[in-house]
Each structure stands twice: as C-alpha cells, then as structure tokens.
Amino acid sequence: MAGRFPQRPTRTTVRGGHVAVPAGAAAGIPRQAVAPARVRRWVPEGPLDLGLTLGPLRRGPADPTFRATADGSVWRACRTPAGPGTLRVRAQGGEVLGEAWGPGAAWLLEQLPELLGAGDDPEAFVPRHRLVALARHRRPGLRLTRTGLVLESLIPSVLEQKVTTDEAYRAWRRLVRRFGESAPGPAGVGERAMWVMPAPRTWALVPSWEWHRAGVDDKRASTILRAVRVAARLEQAVGMPADEARARLEVVPGVGPWTSAEVVQRSHGAADAVTVGDLHLPGIVGWALAGDREADDAEMLRLLEPYAGQRHRAARLILLSGHVPARRKPKMRRVDIGLL
C-alpha cells in the first residue's frame with residue numbers, strides 16, 4: 001500500500017531534488033506569437049521523472065531561472081557557450097518534447113538527452129538497505145542530470161556556503177534579477193518573467209554595495225569574483241572526469257570539497273560525488289542507515305561504502321525518503337547583512 005500513493009514533498013525531499021511538476025491542462029507561461037527557434041523530440045530509455053531529474057537545478061521555489069508550470073512543463077533559462085537560451089521540456093506519452101529559444105537554443109537541444117540523464121546508469125545502483133530500496137522503488141524515474149555547465153552551478157553553490165538556504169536563495173534571486181537579462185522567448189515576459197544569470201564579466205562588475213544588499217558577505221563575494229575571472233578555465237572542466245574537475249575547481253580560493261561536490265553533481269551527473277562538510281547530511285544519512293543522528297562525515301562515508309561509485313545517488317534517495325531525525329536544536333539563525 002505504501003507505494004500506491006505519491007509522497008507529499010517535505011523540506012528534506014525538496015533538498016533531495018524533488019520538484020512537483022503539475023499535470024494539469026492550464027499553462028503557467030502564456031504562449032506568445034513567437035514560434036520556437038528549435039524543437040527536438042527524444043525518447044528516453046526507461047521511466048523518466050522530469051521533476052526528480054531536473055529538480056536539483058532549482059535554487060528555491062522562486063528561482064528566476066527555473067520554473068515548473070501547470071501544463072507539466074519544466075522551463076530553464078541559462079547561459080550556454082553559444083549565449084543565453086530558454087528551454088521548455090515536457091513529457092508526451094513515451095517521448096520528451098524540447099523547445100528552445102534564443103542564441104543558445106541549438107546548444108540546449110543538443111544537450112537535452114544528457115540533461116535528462118541519458119548518460120546516467122541507474123541500473124548500476126544496487127540498494128543495500130531497505131529504506132534505500134523503498135525510496136528507489138517509489139521513484140523509478142530518477143535520473144542524474146548532466147548540464148555541461150559549471151559556472152551556473154558554482155555561483156549559487158558558493159552563495160549557499162555557511163548560510164541558511166533561504167538566505168542563499170534570496171541572494172541568488174536578487175542578483176540574477178538585478179544583473180541578469182530577460183530569458184529569450186515567451187518565458188521572458190509577463191509578471192513572473194524568467195531571467196538568465198549574468199555573464200562572467202557582469203558578475204565581475206557587480207558593485208560591493210549590491211553584494212551587501214543581497215546579503216552576501218565579503219568572503220563569498222570574493223570567491224565568486226575569483227571564479228568568474230577564470231570562468232573559461234572552469235568551464236573546460238566539463239570535459240574532465242569528475243575527480244579532476246573537482247581538483248580544478250578547488251584551485252580557486254574559497255571553493256572546497258563541499259562546493260566542488262555540489263557543482264559536479266549537476267555539471268557532470270557525478271553519481272559518486274557525495275557532499276562532505278554539510279551541516280545536516282551526515283546526521284540524516286547516519287539516522288537513516290544506522291539510527292545514529294550524531295554521525296559525522298567520516299561515519300557517513302563509512303555507511304555509504306557499500307554504495308561506492310553511487311554514493312551521491314544513495315544520499316539523494318535517502319533525502320527523498322524523508323526519513324530524518326526529529327529536530328532537537330533551534331534552526332540556524334538568519335542574519336540579513338543587507339539590513340545592517
């Protein structure tokens with residue numbers, strides 16, 4: 001009976017990459033009198049859940065670069081090597097329809113299969129715990145996305161360092177809307193227009209007071225500024241194995257193992273890039289697999305050893321299970337330095 005009904009999203013399952021994609025008939029973005037620049041149809045092998053696969057790319061429910069609409073579509077506005085582009089993805093029967101606008105349209109559609117997990121091998125994962133097996137059974141459409149873009153995952157990951165997710169999401173929204181550009185196509189108009197994140201040079205020219213107003217301290221702002229100065233070198237890491245890509249990212253002062261793992265999970269679809277240095281993840285994994293809510297990184301890695309090569313997927317399934325210990329401490333205090 002437990003597998004018959006979809007689970008209600010919780011804060012933990014959302015963190016695991018759960019985005020509810022409605023299946024209604026009404027569209028959330030008005031169709032304009034502009035024909036899509038490009039269209040591609042692709043047939044995935046096996047089940048595919050768009051919300052689970054693309055969910056990790058959303059940075060909060062009001063992310064201006066990501067939206068799930070009531071017609072079952074997922075929209076993404078991003079800066080590609082060919083320029084800004086907007087991608088709309090929706091499932092139609094056993095195939096996926098991709099529509100794209102803007103200078104980056106051709107690139108987005110070329111990367112569509114990789115974005116939807118064509119390079120992922122979920123069959124390589126063997127559950128070793130009942131909870132993990134049940135989470136996998138409930139979500140057969142989970143695939144690990146591979147965006148092929150580094151900076152779009154690096155900058156919001158840096159913003160998430162050492163602060164609450166709400167603070168990081170607020171900073172991302174403010175900076176993208178303030179310094180980005182309107183998304184090409186119909187998504188870039190209307191009251192809830194989508195935005196493409198700023199180009200590297202634009203990030204480099206953000207005034208210090210704007211970082212402050214967005215609630216971003218000097219340490220995180222300086223890390224982003226150092227990263228965008230070598231943006232071309234960082235983007236080249238897409239062609240490297242995940243471990244080598246992480247090593248290149250960590251050359252940038254302020255980018256450590258936590259941040260590099262968060263990036264390659266999205267840019268490379270790295271199935272084994274488990275996040276260490278996280279405030280909550282070790283306790284969640286420890287509680288789920290061993291009933292140990294005080295687990296540290298070393299204990300988390302020990303518990304995940306049976307999933308070597310697939311540790312990130314195992315951690316995601318644990319988060320998606322919603323099996324977390326009861327809170328015993330107050331939430332991390334939110335401090336908005338923009339008000340100081």
Side-chain angles (χ1 to χ4, degrees), residues 29 36-38 40 54 56-60 62-67 74-89 98-112 114-116 145-160 168-169 171-189 192-206 210-211 214 216 220-221 223-239 245 248-249 252 255 259 262-269:
I29 292 180
R38 305 267 180 168
R40 179 175 181 179
L54 300 179
L57 304 181
R58 184 181 73 165
R59 304 292 180 158
D63 185 348
T65 69
F66 186 102
R67 188 168 305 160
V74 175
W75 295 72
R76 215 167 94 77
C78 55
R79 186 169 297 280
T80 76
T86 303
L87 176 67
R88 179 196 187 203
V89 183
E99 300 172 271
W101 295 261
W107 189 93
L108 286 169
L109 292 181
E110 181 182 354
Q111 296 292 319
L112 181 63
E114 291 290 314
L115 181 72
L116 299 180
T145 185
R146 185 182 191 276
T147 65
L149 299 169
V150 171
L151 212 62
E152 75 161 24
S153 293
L154 177 59
I155 291 175
S157 294
V158 171
L159 292 176
E160 292 173 9
Y169 293 160
W172 174 248
R173 289 195 304 269
R174 182 183 178 96
L175 291 168
V176 170
R177 288 172 177 160
R178 178 72 176 84
F179 297 100
E181 58 187 283
S182 296
V189 298
R192 297 187 61 208
M194 295 180 66
W195 294 81
V196 177
M197 81 167 195
R201 177 168 174 77
T202 305
W203 282 112
L205 297 176
V206 173
E210 291 291 351
W211 292 107
V216 182
R220 288 180 291 152
T223 299
I224 292 173
L225 293 176
R226 286 190 289 264
V228 297
R229 292 190 187 107
V230 291
R233 293 283 291 166
L234 296 183
E235 293 293 354
Q236 291 173 1
V238 169
R248 174 168 291 194
L249 288 168
V252 178
V255 176
T259 306
E262 291 288 311
V263 173
V264 299
Q265 288 167 6
R266 297 165 173 83
S267 63
H268 288 66

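- Under the 4.5 Å side-chain criterion, counting only non-hydrogen atoms from C-beta, Trp203 is not in contact with Arg201.
- Of all heavy-atom pairs spanning Phe179 and Thr202, the tightest one is O-CG2, 3.6 Å.
- Contact of the Arg177 side chain with the Pro64 side chain is registered, since non-hydrogen atoms from C-beta on lie closer than 4.5 Å.
- In this structure, the side chain of Thr65 does not engage the main chain of Cys78 through any donor-acceptor pair within 3.5 Å.
- Between Trp75 and Pro186, the shortest heavy-atom distance links the atoms CH2-CG, 4.0 Å.
- Using a 4.5 Å heavy-atom cutoff, the side chains of Leu87 and Leu115 are in contact.
- Here the closest heavy-atom approach between residue Ser267 and residue Leu149 is recorded as CB-O, 3.2 Å.
- Note on Glu210 versus Arg178: salt bridge recorded, some NZ/NE/NH1/NH2 to OD/OE distance being below 4.0 Å.
- Between Glu160 and Trp172 there is no side-chain heavy-atom pair separated by less than 4.5 Å.
- Listed here is the closest heavy atom pair of Arg229 and Leu225: CG-O, 3.1 Å.
- Counting heavy atoms from C-beta outward, Trp211 and Ile224 have side chains that approach closer than 4.5 Å.
- Across all non-hydrogen atoms, the minimal contact from Ala183 to Ala77 is CB-CB, 3.7 Å.
- Looking at Arg88, its side chain never comes within 3.5 Å of a backbone N or O of Gly98 through a donor-acceptor pair.
- Screening Arg59, Arg79, Arg266, Arg76 for a salt bridge (Lys or Arg N to Asp or Glu O under 4.0 Å) with Glu152, the sole residue that qualifies is Arg76.
- In terms of heavy-atom proximity, Pro198 sits nearest to Gly180 at CG-N, 3.7 Å.
- Distance alone, capped at 3.5 Å, places no donor-acceptor pair between the His268 side chain and the Thr147 backbone.
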